[in-house]
Amino acid sequence: MTKTDPETPANRPPRRRAPAGAAVLREDVTDAIRAAVFAELAAVGFARMSIEGIARRAGVGKTAVYRRWKSKLSLVLDLVSAFAEQGLPVPHTGSLYGDIRALLAVASLALRHPIASQVIPDLLVESVRHPEIADAIKAALLDGQQGVAAVVVREAVERGELPASADPDRALDLIVGPLYWRLVVVKGPLPKGYLDDLALAAVAALKAV
């Protein structure tokens, strides 16, 4: 049996070094900053939001924020893009009414969230001044939902519930438009059975094409 030589600086395996300037970003800190951004947007809006306020709410230093994002605009764009990537689940209930009712249930929960109900309108206003926000909002609120509406309409056509000429964009307007108006613009409560009635109305309108 060969005796192992004692480890010395000469024969010690070299340590792996991180690239110069690299920093390990703690995920819990990143999550705290993201949560703080949503809270700040809801509290003061994008125009008055600052990196200092975000850092203070997250309980971190400004440096921790700047390590991850170069500005409040890039931070907000990152959050909106992350939301867009999650997307809406495509319902497969077996009927057009069931699919629309399921979409309305998910959308109503999202739009009734106290932060979302304040953040979305504020970002829509800011999108007029910041084309980058407009593009991110479009991806988050329109592109993904258009894809879901296209699947719902296609499957309804395949089942014979809708004519082949049914328009997915019109379907999306009929499904989400009234709900957005009621919850985000008017900010009124939903009457009992409102989602059921809205789903029936959307189905009837689409079949009338």
Side-chain angles (χ1 to χ4, degrees), residues 16-89 103-149 169 172-173 175-190:
R16 217 180 232 185
R17 294 185 179 180
V24 177
L25 302 179
R26 289 172 47 188
E27 192 62 31
D28 60 329
V29 173
T30 302
D31 291 342
I33 294 172
R34 285 178 172 142
V37 172
F38 280 118
E40 280 290 288
L41 281 171
V44 303
F46 179 83
R48 294 175 57 196
M49 186 177 73
S50 66
I51 296 296
E52 290 80 1
I54 294 169
R56 183 168 55 251
R57 189 181 290 271
V60 301
K62 289 191 298 182
T63 304
V65 180
Y66 282 118
R67 281 199 193 106
R68 293 161 172 81
W69 299 278
K70 63 182 180 180
S71 66
K72 71 175 186 179
L73 177 57
S74 62
L75 206 169
V76 169
L77 291 178
D78 176 64
L79 292 181
V80 173
S81 298
F83 175 77
E85 289 174 1
Q86 295 178 10
L88 283 176
L103 286 177
L104 287 171
V106 174
S108 66
L109 286 176
L111 292 174
R112 275 187 288 191
H113 192 285
I115 291 181
S117 64
Q118 298 175 65
V119 169
I120 292 175
D122 181 64
L123 290 181
L124 288 174
V125 171
E126 292 299 327
S127 68
V128 177
R129 293 185 286 271
H130 298 278
E132 303 96 328
I133 291 181
D135 292 340
I137 290 292
K138 179 178 179 296
L141 300 182
L142 181 59
D143 292 351
Q145 294 183 27
Q146 281 181 323
V148 173
D169 287 342
L172 187 59
D173 292 343
I175 296 168
V176 181
L179 189 62
Y180 183 88
W181 173 263
R182 168 80 67 160
L183 293 177
V184 179
V185 180
V186 178
K187 297 184 183 297
L190 297 183

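It should be emphasised that the depicted structure is a prediction, and the values quoted were computed from it without experimental measurement. Numbers here are sequence positions counted from 1.
The closest donor-acceptor contact from the side chain of D122 to the backbone of G45 lies at 3.5 Å or more, if one exists at all. In this structure a side-chain-to-backbone donor-acceptor pair under 3.5 Å is present from K72 to A47.
Considering every non-hydrogen atom in both V29 and A64, the closest pair reads CG1-CB, 4.4 Å. In plain terms, the two heavy atoms of A36 and R57 that are nearest each other are O-CD, 3.6 Å. Closest approach of S71 to I51, counting heavy atoms only: C-CD1, 4.2 Å. The heavy-atom pair separating A58 from A32 by the smallest distance is CB-O, 3.7 Å. Heavy-atom minimum distance, L172 versus A149: CB-CB, 4.1 Å. The minimum heavy-atom distance linking L179 with S108 is given by the pair CD2-N, 3.6 Å.
Contact annotation: the side chain of I33 approaches that of L75 to within less than 4.5 Å [non-hydrogen atoms, C-beta and beyond]. Proximity of D135 to E132: side-chain heavy atoms (C-beta onward) are nowhere separated by under 4.5 Å. Using a 4.5 Å heavy-atom threshold, the side chains of D78 and R68 count as separate. By the 4.5 Å heavy-atom criterion applied to side chains, Q145 and I175 are not counted as neighbours.
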Carefully, step by step, assess W69 and V76 under the rule side-chain contact (heavy atoms from CB on, under 4.5 Å).
CA-CA 9 Å; W69 299 278; V76 169; over 6 Å; no

Is there a side-chain contact (heavy atoms from CB on, under 4.5 Å) between V37 and M49 once you walk through the steps?
CA-CA 8 Å; V37 172; M49 186 177 73; 4.2 Å; yes

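To the nearest 0.5 Å, atoms CG (D169) and CG (D173) are separated by 7.0 Å. R67 contributes atom CZ, which lies 11.0 Å from atom CZ of R26 (distance to the nearest 0.5 angstrom). Here CG of L73 is found 9.5 Å from CD of E126. Values are rounded to the nearest 0.5 Å.
In this structure, K70 places its NZ atom where only 12 or fewer heavy-atom neighbours from other residues, nucleotides or ligands lie under 6.0 Å away.
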